[in-house]
Amino acid sequence: MTDVSRHLVSINDLDATEIVKLLDVGDSYWPAITSTGDEAPKKLTSLRGRTVINLFFENSTRTRTSFELAAKRLGADAINISGSASSTAKGETLADTARNLDSMRADAIVVRHSFGGAAEVIAKSVRASVINAGDGQHEHPTQALLDAATIRRHKGRIEGLDVVIVGDLAHSRVARSNILCLAKLGARIRLCAPRTLVPRGIEEIGGELTRERVRIVHRLEDGLDGADVVMMLRVQSERFEGEACRFPNTRELSRTFGLSERTLAYAKPDAIVMHPGPMNRGVEISPQVADGARAVILQQVSWGVAIRMAVLERAILVDVKAE
Ligand code: NCD
């Protein structure tokens, strides 16, 4: 059997050309996901007869729904399994659960798990293509791709832009995938958080490439200064268990690192504001900014469907699978 699977476990599975290709395919699906009624293009069928299994061991609203919609928009069958309802809750290993799903001829398995490395374990155990929908604090590659698509749509390019990522960098798989993706596409990246929320060596996760492109700052004003894109992160308190306290309290964090109309004024006048969701209004972002004219947060969600259509096609439509 030749290995024809096209897993997407990390942004490092893609080079810049492949990323741009996925963004271009995503662009071509934008009308299909944003127009309704008579305007809507005819139903697409490229994945007809294929099966996508969403295996989610952590909560999700956007990611799971958009993978399901993406699969259905392309004519595939989509099945959702939540972790608490699966046999891993009865002691089955993750790899065994995945092998069982694989035996039902899944073409793609989309997985979210609190263990960083879960997607890779599954990718090594199954014939289906595996897509990482977020593994612990490791990566969330499709979020980075949909973020890149949103930026490109608004700014016309990614190369040469100043993108600041603000907030809980310590626990954020979104930040890690975005650092890798944005660096590959030629952006300059600023990471902005209190020292206790910046993991040691984060600027080196992509080796030389990210070392050259990432700068760490500890004052919000310095992070925002002249930025083209402001990306805010939620404090992932569910991942804090057993850790020493990283900041005095939420109010203090919000006062020093929260995005408000006042602090947003440090960014470029045409800067866009992004957030992967779920937002904690009044903590990392004020309601005025979240609902303001510069926020593109709900557009990110729409791009999620278009980009995941492109990612599913890449995963599934490979050369004829050898038996
Ligand atoms: C993020 C995640 O789950 O990593 N959300 C998402 O996928 N849109 C970020 C978060 O939970 O804060």
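FYI, the numbering just counts along the sequence from 1. In each ligand, atom 1 is the first atom listed, and ligand 1 is the first ligand listed.
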Quiz item: Is there a side-chain hydrogen bond (donor to acceptor under 3.5 Å, both in side chains) between Thr63 and Arg112 once you walk through the steps?
Solution: CA-CA 9 Å; Thr63 308; Arg112 167 169 287 196; 3.2 Å; yes
Practice problem: Walk me through it: do Glu18 and Lys21 pass the test salt bridge (Lys or Arg N to Asp or Glu O under 4.0 Å)? | Solution: CA-CA 5 Å; Glu18 286 174 292; Lys21 190 163 167 224; over 6 Å; no
Practice problem: With heavy atoms only and a cut-off of under 4.0 Å, state how Leu233 meets ligand 1: side chain, backbone, both or neither. | Solution: neither
Quiz item: Heavy-atom contacts under 4.0 Å between Arg112 and ligand 1: side chain, backbone, both, or neither?
Solution: side chain
Element-labelled atoms of ligand 1 that are located less than 4.0 Å from some non-hydrogen atom of [X]:
{"X": "His140", "value": "2 (C), 4 (O), 6 (C), 7 (O)"}
{"X": "Val174", "value": "1 (C), 4 (O), 9 (C)"}
{"X": "Thr63", "value": "6 (C), 7 (O)"}

Quiz item: Looking at atom 10 (C) of ligand 1, what's its closest protein heavy atom, distance included?
Solution: Gln236 NE2, 3.2 Å
Quiz item: What's the shortest distance from atom 12 (O) of ligand 1 to any protein heavy atom, and which residue and atom give it?
Solution: Arg234 NE, 2.7 Å
Practice problem: Could you walk me through whether Arg190 and Asp162 pass the side-chain contact (heavy atoms from CB on, under 4.5 Å) test, one step at a time? | Solution: CA-CA 7 Å; Arg190 289 178 217 163; Asp162 283 299; 3.7 Å; yes
Exercise. Select the closest option to atom 4 (O) of ligand 1 among Arg173, Glu58, Gln143, judged by heavy-atom distance.
Key: Arg173
Practice problem: Would you tell me which option among Gly277, Pro276, Pro278 has the nearest heavy-atom contact to atom 5 (N) of ligand 1? | Solution: Gly277
Self-check item: Aromatic plane relationship, Trp303 with Trp30 - under 30° parallel, 30 to 60° tilted, over 60° perpendicular
Solution: parallel
Exercise. Tell me, please, which residues at least two apart from Ser82 pass side chain to side chain contact (heavy atoms under 4.5 Å, CB included).
Key: Arg64, Ser84, Ala85
Practice problem: Would you give the length of the straight line joining atom NE2 of His7 to atom CG of Asn132, rounded to the nearest 0.5 angstrom? | Solution: 12.0 Å
Exercise. Indicate whether the side chain of Asp13 and that of Ser10 have a donor and an acceptor atom separated by less than 3.5 Å.
Key: no
